[in-house]
There are 2 protein chains.
Amino acid sequence: MDASPQYRPLYRQVYDFLVKQIAESAWRPSEALPSEQALAGQLNVSQGTVRKALDALAVEKVIERRQGKGTFVAEHTQERALFRFFRLSEPGSERATPTSADESVRRRAARAPELRRLRLDAGEQVVEVVRTRMVGGRPAVFERIILPLRQFPDIDRRLPLPNALYAMFQQEYGVNIVSAEEELRADVTRAQDARRLPLAVGAPLLHIDRVAIAIDGSRVEWRISRCDTSRLVYAVTLS
Amino acid sequence: MDASPQYRPLYRQVYDFLVKQIAESAWRPSEALPSEQALAGQLNVSQGTVRKALDALAVEKVIERRQGKGTFVAEHTQERALFRFFRLSEPGSERATPTSADESVRRRAARAPELRRLRLDAGEQVVEVVRTRMVGGRPAVFERIILPLRQFPDIDRRLPLPNALYAMFQQEYGVNIVSAEEELRADVTRAQDARRLPLAVGAPLLHIDRVAIAIDGSRVEWRISRCDTSRLVYAVTLS
DNA sequence: TCCTGCAACTCTTGTAGAACACATCATACA
DNA sequence: TGTATGATGTGTTCTACAAGAGTTGCAGGA
């Protein structure tokens with residue numbers, strides 16, 4: 001534990017240390033961290049201080065704690081990741097689970113808006129994924145995803161992509177998505193949308209612009225989803 | 001502290017006790033709660049246990065803690081409430097602040113969907129508020145709000161309603177809004193919308209269906225907002 | 001006498017750590 | 001094969017002290 005020029009509480013230093021370790025994949029997903037006692041000994045602080053840091057990480061769903069068993073790196077399982085970041089559901093708040101279809105992937109140089117959104121350096125390459133998301137057997141979302149090739153090398157050679165991308169990011173690339181910033185607006189269906197979705201050109205659809213953020217704070221994915229909300233709704237709880 | 005049949009940790013019992021007290025307006029907004037020591041003495045637990053309960057309430061933004069000063073019931077000030085529950089902003093995530101216009105209020109019997117949404121008893125009366133929300137001098141949202149008259153007696157005689165309704169709920173009626181469930185979808189502008197918003201009939205708009213939930217868990221407000229998202233977006237962070 | 005400035009005190013929440021209870025699992029033993 | 005037990009985890013509770021903020025009271029000068 002190094003004492004930084006500006007004071008930070010011990011438990012905060014422990015927290016930062018653990019975030020760094022997890023960001024560097026020191027432990028695999030679903031693998032157990034060292035016990036509180038072990039970490040306390042290693043970092044030369046008390047068990048209570050380690051616990052305070054672990055509790056904070058558990059609130060953020062970065063880790064999971066199980067009494068009597070241990071503390072584990074939270075796993076982005078299929079259901080869990082979808083439940084967290086896929087917000088479309090039946091109007092009565094029955095959760096919808098999507099599948100993928102008509103996937104196409106290509107590698108190219110990043111364009112200006114992508115450089116800005118993902119804070120990339122000029123000339124960097126990206127992978128563009130275009131796919132249709134099905135809910136209940138019907139096309140519901142038309143998705144365009146931009147990924148920096150630097151962070152996901154050869155992801156365009158690992159087709160087909162899994163249904164839950166964030167689980168793959170975590171397991172294959174050690175990239176932990178912890179939050180996502182979304183901007184929503186209503187838009188009209190264009191010819192491009194109508195080829196994928198059961199919507200007439202000119203009909204309203206929900207346009208979602210998302211940037212996903214990893215545990216180290218880096219902006220890792222830009223995703224635009226165009227959703228048919230005639231049968232599903234975007235559900236969110238503000239608190 | 002009574003021991004319930006199913007075991008609950010002490011700090012959870014303290015938490016529940018405090019929630020109940022705040023729900024019953026034992027302390028006014030921005031008023032200080034008794035100190036940790038005082039609460040600990042009153043409830044016959046240690047200061048650390050009280051602190052754990054208070055920390056949880058602070059995370060939920062029900063209370064605010066200030067070192068050296070005390071613990072205060074969080075106040076739904078104008079800016080704070082809007083920042084929390086009004087999600088429209090400029091695309092670059094510059095926050096937008098709305099004002100109200102063209103407000104009309106009437107009292108009537110609750111209709112079937114309102115009974116369901118707000119879990120009302122048949123025959124209960126509601127107050128229906130219709131108003132236009134302006135952002136940057138332009139109409140941006142057309143809002144319809146349903147409130148149970150039982151919880152907000154004579155609210156229809158206190159016109160004009162303030163800009164931040166939840167601050168009024170808290171100060172005038174002791175109702176603390178802590179979360180809101182929203183369902184969003186894209187819809188077309190209808191004649192009714194076009195009278196209020198600078199949109200042509202048939203243009204896409206964002207339809208938001210919100211139920212606001214008070215600290216005691218009761219469903220207190222049903223609000224439908226129809227938003228012009230040609231200049232603003234609905235911004236939300238998933239975590 | 002009145003005002004000013006500072007030190008000391010008191011009350012608050014924040015941080016750190018210890019002690020023990022409870023959960024889980026592996027293993028020894030009847 | 002079933003049960004007891006010990007080892008090792010996290011969960012809960014409590015204590016001690018640090019740090020922030022405000023109040024009080026006193027010394028000293030105008």
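So that the names make sense, note that chain A is the first sequence line, chain B the second, and so on, each numbered from 1. This one's a predicted model, so the numbers in the text were calculated from it and none came from an experiment.
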Enter the distance from B:Gln151:CD to B:Glu221:CD here, rounded to the nearest 0.5 Å. 11.0 Å
Rounded to the nearest 0.5 Å, how far does CZ of A:Arg117 lie from CD1 of A:Ile224? 7.5 Å
Nucleotide range of DNA chain C lying under 4.0 Å from chain B heavy atoms: C:dT12 to C:dT15
So does B:Gln170 get a backbone contact from the side chain of B:His76, meaning a donor-acceptor N/O pair under 3.5 Å? no
If we ignore hydrogens and angles and just use 3.5 Å, is the side chain of B:Arg87 paired with the main-chain N or O of B:Val233 as donor and acceptor? no
What string of B, S and - do you get for nucleotides 9-18 of chain D, 5' to 3', when a contact is any protein heavy atom under 4.0 Å? BBBBSBBB--
Taking ring-ring contact (aromatic ring centres under 6.0 Å, His included) as the test, write out the residues that go with B:Phe85, two or more places apart. B:Tyr166
Suppose we screen for ring-ring contact (aromatic ring centres under 6.0 Å, His included). Which residues come up paired with A:Phe83, at least two apart in sequence or across chains? none
Pair A:Arg185 + A:Asp209, salt bridge at N-O below 4.0 Å: no
Check ion pair A:Asp16-A:Arg12 (N to O, under 4.0 angstrom): yes
Pairs satisfying salt bridge (Lys or Arg N to Asp or Glu O under 4.0 Å), at least one member in residues 66-75 of chain B, at least two apart: B:Glu64-B:Arg66
For B:Asp154, the option from B:Arg157, B:Arg150, B:Arg158 that meets salt bridge (charged side-chain N to carboxylate O under 4.0 Å, His left out): B:Arg157
Quantify the bending of the helix from C:dT1-D:dA30 to C:dA30-D:dT1 as the angle between its end axes, each fitted on five pairs, to 10°. 20°
